[in-house]
There are 2 protein chains.
Amino acid sequence: MGVFSKTCEYAIRAVFFIAHKTASGGRVGIKEVAAGIDSPEPFLAKILQDLSRKGIVQSAKGPNGGFYLDADALKRPLTDIVEAVDGNALFTGCALGLKQCSEVKPCPLHGQFKIIRGEIHELLETTKIGKFNQELILGINALKK
Amino acid sequence: MGVFSKTCEYAIRAVFFIAHKTASGGRVGIKEVAAGIDSPEPFLAKILQDLSRKGIVQSAKGPNGGFYLDADALKRPLTDIVEAVDGNALFTGCALGLKQCSEVKPCPLHGQFKIIRGEIHELLETTKIGKFNQELILGINALKK
DNA sequence: CAAATAAAAGATAAAAAAGTCTTTTAATTT
DNA sequence: AAATTAAAAGACTTTTTTATCTTTTATTTG
């Protein structure tokens, strides 16, 4: 079990892919995105539909249509993707799954995991969607295999 | 989605419960454990069977039987439970689910998540199973609701 | 406006995780 | 030794997650 759900892993990779592919205008089709991040195409289609509805990616139908990101979207933090897909359990939930876990009646791991959850949130909040465009274009970073 | 699977959450809570309940000798039955950590009894039974097979908890059948932890088991780190139940994906896996993600061809989040994964591993490695016995006996820490 | 293109929507299907129930085995007590 | 107790084992069910397929809607271009 990773930190994110499979759906969320695909979502982040897809958004990174769309971001760097459409950095200089243009759109990219679902086929190319799926191939570019090595994901099942119909499943990714569902995920991108959802992200599109939520305004995290933009899309256009018809010839020359496809997915893209506007200037605002490029500046959004990764937390927006994660919250849209996985919710905020990763940032706010108890490590041991206790509904009532809090400062008043903490689970044994509460204090320590509060710090770690905070660090994950901080990392995803300060990392913007467009941050890796250059590295991806240059092939320094990978989004598949 | 939390950090651990539901199964692993139950496993850690159950082991903490057994640890503090049997700190001065004695055993505790599955019914009492399930009630004490607010988990479905038959499901927990499966989990404890597995942990018992793997030597993380001890068990005894028959009257006055039940689960307990020997001195060695109390000194084991939480990583032993997590690895037994969820494997080591949390400590070693790529945040974006890439099989080939590494220093050579890293995903965009590789460097940052390496640090966080390391901190989680460090925390679980230095925290021993018996660590919270006193807090649990005194009711400072909670394992249910 | 017709044809082609590409995403959106909806209905299913397969796999994995979570949870339940029944029978068996082992140990203890009388 | 028989009865009782409690975990182990195995088969099964439900729910959630992951994945697929088909039809519809919107847009563009000739």
Side-chain angles (χ1 to χ4, degrees), chain A residues 1-15 18 21-22 26-35 37-69 84-87 89-90 96-97, chain B residues 1-15 17-18 21-22 26-35 37-69 82 84-87 89-90 96-97:
Chain A
M1 197 190 197
V3 180
F4 306 122
S5 69
K6 211 121 229 300
T7 303
C8 193
E9 291 175 356
Y10 289 142
I12 298 173
R13 278 153 60 192
V15 171
I18 297 168
K21 276 288 168 179
T22 65
R27 286 115 184 231
V28 55
I30 181 71
K31 260 203 175 60
E32 193 180 343
V33 182
I37 70 167
D38 209 47
S39 78
E41 190 192 313
F43 188 43
L44 183 64
K46 281 288 156 207
I47 297 169
L48 287 180
Q49 272 167 38
D50 185 44
L51 293 181
S52 174
R53 245 180 277 116
K54 289 170 175 163
I56 291 170
V57 304
Q58 279 70 52
S59 71
K61 291 181 178 182
N64 294 315
F67 297 93
Y68 61 102
L69 293 172
V85 178
D86 281 349
L90 182 61
L96 299 185
Chain B
M1 199 189 195
V3 180
F4 306 122
S5 69
K6 213 116 228 302
T7 303
C8 194
E9 291 176 356
Y10 289 143
I12 298 173
R13 279 153 60 194
V15 172
F17 186 87
I18 297 167
K21 275 287 167 181
T22 65
R27 287 115 184 228
V28 55
I30 181 72
K31 260 201 176 64
E32 192 180 342
V33 182
I37 70 167
D38 209 46
S39 79
E41 190 192 313
F43 188 42
L44 183 64
K46 280 287 156 210
I47 297 169
L48 288 180
Q49 271 167 39
D50 184 44
L51 293 181
S52 173
R53 244 180 277 116
K54 288 170 176 163
I56 291 171
V57 303
Q58 280 70 50
S59 70
K61 290 182 179 181
N64 295 314
F67 296 94
Y68 61 101
L69 294 171
V82 174
V85 177
D86 281 349
L90 181 62
L96 299 185

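Letters A, B, ... mirror the listed sequences (proteins, then strands); counts begin at 1.
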Colleague: Assign a letter to each nucleotide of nucleotides 22-30 of chain D from its 5' end: B, base within under 4.0 Å of a protein heavy atom; S, sugar-phosphate only; -, no contact.
Modeller: ---BBBBS-

Colleague: Please give, in whole Å, the distance from D:dA6 C1' to B:Gln58 CD?
Modeller: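 Between C1' of D:dA6 and CD of B:Gln58: 17 Å.
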
Colleague: By nearest atom, which of the nucleotides D:dA7, C:dA18, D:dT18 is closest to the A:Ser5 side chain?
Modeller: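 Shortest atom-to-atom distance from the side chain points to D:dT18.
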
Colleague: In whole Å, I'd like the distance from the CG atom of A:Leu44 to the P atom of D:dT20.
Modeller: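 Rounded to the whole Å, the gap is 11 Å.
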
Colleague: If you compare all heavy atoms of A:Asp86 against all heavy atoms of A:Phe4, which two are closest, and at what distance to 0.1 Å?
Modeller: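 Minimum heavy-atom separation between A:Asp86 and A:Phe4: OD2-CA, 3.6 Å.
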
Colleague: Within this structure, what is the CZ-CG distance for the pair A:Arg53 and A:Leu48, rounded to the nearest 0.5 Å?
Modeller: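 One gets 11.0 Å once the value is rounded to the nearest 0.5 Å.
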
Colleague: In whole Å, what is the span from the CD atom of A:Glu32 to the P atom of C:dA7?
Modeller: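 For the pair A:Glu32 CD and C:dA7 P, the rounded distance is 11 Å.
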
Colleague: Does the side chain of A:Val33 reach to within under 4.5 Å of the side chain of A:Lys21, using non-hydrogen atoms?
Modeller: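 The answer is no; the side chains never approach within 4.5 Å.
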
Colleague: How close do B:Ile37 and B:Tyr10 get, heavy atom to heavy atom, and via which atoms?
Modeller: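 Closest approach of B:Ile37 to B:Tyr10, heavy atoms only: CD1-O, 3.7 Å.
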
Colleague: Indicate whether OP1 or OP2 belonging to D:dA19 is found under 4.0 Å from a side-chain N or O atom of A:Tyr10.
Modeller: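 Indeed, a polar side-chain atom of A:Tyr10 lies that close.
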
Colleague: Side-chain contact test, heavy atoms from C-beta onward, threshold under 4.5 Å: evaluate it for A:Val3 versus B:Val3 and give yes or no.
Modeller: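 In short, these two side chains do not touch, never coming nearer than 4.5 Å.
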
Colleague: Are there any protein N/O atoms within less than 3.5 Å of an N/O atom in nucleotides 11-15 of chain D, and if so, which ones and at what distance?
Modeller:
none

Colleague: Nucleotides 12-16 of chain C: which of its N/O atoms have a protein N/O under 3.5 Å away?
Modeller:
none

Colleague: What nucleotide, of D:dT20, D:dA8, C:dT20, holds the atom closest to the side chain of B:Phe67?
Modeller: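 Side chain of B:Phe67 sits closest to D:dA8.
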
Colleague: Measuring to OP1 and OP2 of D:dA6, would you say a side-chain N or O of B:Ser59 lies under 4.0 angstrom away?
Modeller: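 Checking B:Ser59 against D:dA6: no side-chain N or O falls below 4.0 Å of OP1 or OP2.
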
Colleague: Hey, does A:Pro42 reach any base, or is it just sugar-phosphate, or nothing, if we go heavy atoms under 4.0 Å?
Modeller: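 Base contact - A:Pro42 has a heavy atom under 4.0 Å of at least one base atom.
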
Colleague: In whole Å, what is the span from the CG atom of B:Asp50 to the P atom of C:dG19?
Modeller: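 It is 16 Å, rounded to the nearest whole Å.
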
Colleague: Would you tell me if any nitrogen or oxygen in the side chain of A:Ser52 comes within less than 4.0 Å of OP1 or OP2 on C:dA8?
Modeller: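 So the side chain of A:Ser52 is within the cut-off, an N or O lying under 4.0 Å from OP1 or OP2 of C:dA8.
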
Colleague: Answer with base, sugar-phosphate or nothing: what part of the nucleic acid does B:Leu48 contact at a heavy-atom distance below 4.0 Å?
Modeller: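 Nothing: the residue B:Leu48, judged by heavy atoms under 4.0 Å, touches no strand.
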
Colleague: Would you indicate whether the side-chain heavy atoms of A:Asp50 and A:Ile56 approach each other to under 4.5 Å?
Modeller: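 No, too far: nothing below the 4.5 Å cut-off.
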
Colleague: Could you state the interatomic distance from CD1 (B:Ile30) to CD1 (B:Ile18), rounded to the nearest 0.5 Å?
Modeller: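 Taking CD1 in B:Ile30 and CD1 in B:Ile18, the distance rounds to 7.5 Å.
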
Colleague: When rounded to the nearest 0.5 angstrom, what distance separates NZ in B:Lys54 from OG in B:Ser52?
Modeller: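 The distance works out to 11.5 Å.
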
Colleague: Which sits closer to the 5' end of DNA chain D, A:Lys6 or B:Arg53, going by the nucleotide each is nearest to?
Modeller: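 First, find each residue's nearest nucleotide; the 5'-ward one identifies B:Arg53.
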
Colleague: Is it the case that the base of D:dA7 and the side chain of B:Gln49 share a donor-acceptor contact (distance under 3.5 Å, atom types as modelled)?
Modeller: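 A donor-acceptor contact between them is absent.
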
Colleague: With sequence neighbours left out, what residues match B:Val15 under side chain to side chain contact (heavy atoms under 4.5 Å, CB included)?
Modeller: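 Partners of B:Val15 by the side chain to side chain contact (heavy atoms under 4.5 Å, CB included) criterion, ordered by chain and then number, come out as B:Leu51, B:Val57, B:Leu69, B:Ile81, B:Ile129.
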
Colleague: Quick one: pull up CZ in B:Arg27 and CZ in B:Phe67 and give me the separation to the nearest 0.5 Å.
Modeller: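 Here the interatomic distance stands at 11.5 Å.
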
Colleague: Kindly write out the residues that satisfy side chain to side chain contact (heavy atoms under 4.5 Å, CB included) with A:Lys61, not counting sequence neighbours, or none if the list is empty.
Modeller: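 A:Lys61 satisfies side chain to side chain contact (heavy atoms under 4.5 Å, CB included) with no residue once adjacent residues are dropped.
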
Colleague: Name all residues meeting the side chain to side chain contact (heavy atoms under 4.5 Å, CB included) criterion together with B:Thr7; count only those two or more places apart in sequence or in a different chain, and write none if there are none.
Modeller: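 If we apply the side chain to side chain contact (heavy atoms under 4.5 Å, CB included) test to B:Thr7, skipping adjacent residues, the hits are B:Ser5, B:Phe43, B:Ile47, B:Val85.
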
Colleague: Rounded to whole angstrom units, what separation is found between the CZ atom of B:Phe43 and the P atom of D:dA8?
Modeller: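 After rounding, the reported distance stands at 16 Å.
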
Colleague: Quick check for you: among D:dA8, D:dT18, C:dA18, whose closest atom lies nearest to any side-chain atom of A:Thr7?
Modeller: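 For A:Thr7, the side-chain atoms sit closest to D:dT18.
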
Colleague: In whole angstrom, give the distance that lies between atom CD1 of B:Ile30 and atom C1' of C:dA26.
Modeller: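 Taking CD1 of B:Ile30 and C1' of C:dA26, I get 17 Å after rounding.
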
Colleague: Nearest whole angstrom, please: distance from the C1' of C:dA8 to the CD1 of A:Ile47.
Modeller: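 Taking atom C1' of C:dA8 as the reference, CD1 of A:Ile47 is at 15 Å.
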
Colleague: Over how many whole Å does the gap from B:Lys54 atom NZ to D:dA8 atom P extend?
Modeller: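 Spelled out: NZ on B:Lys54 to P on D:dA8 is 14 Å.
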
Colleague: Between NZ of B:Lys6 and CG of A:Leu96, what distance do you get to the nearest 0.5 Å?
Modeller: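 These two atoms lie 11.0 Å from each other.
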
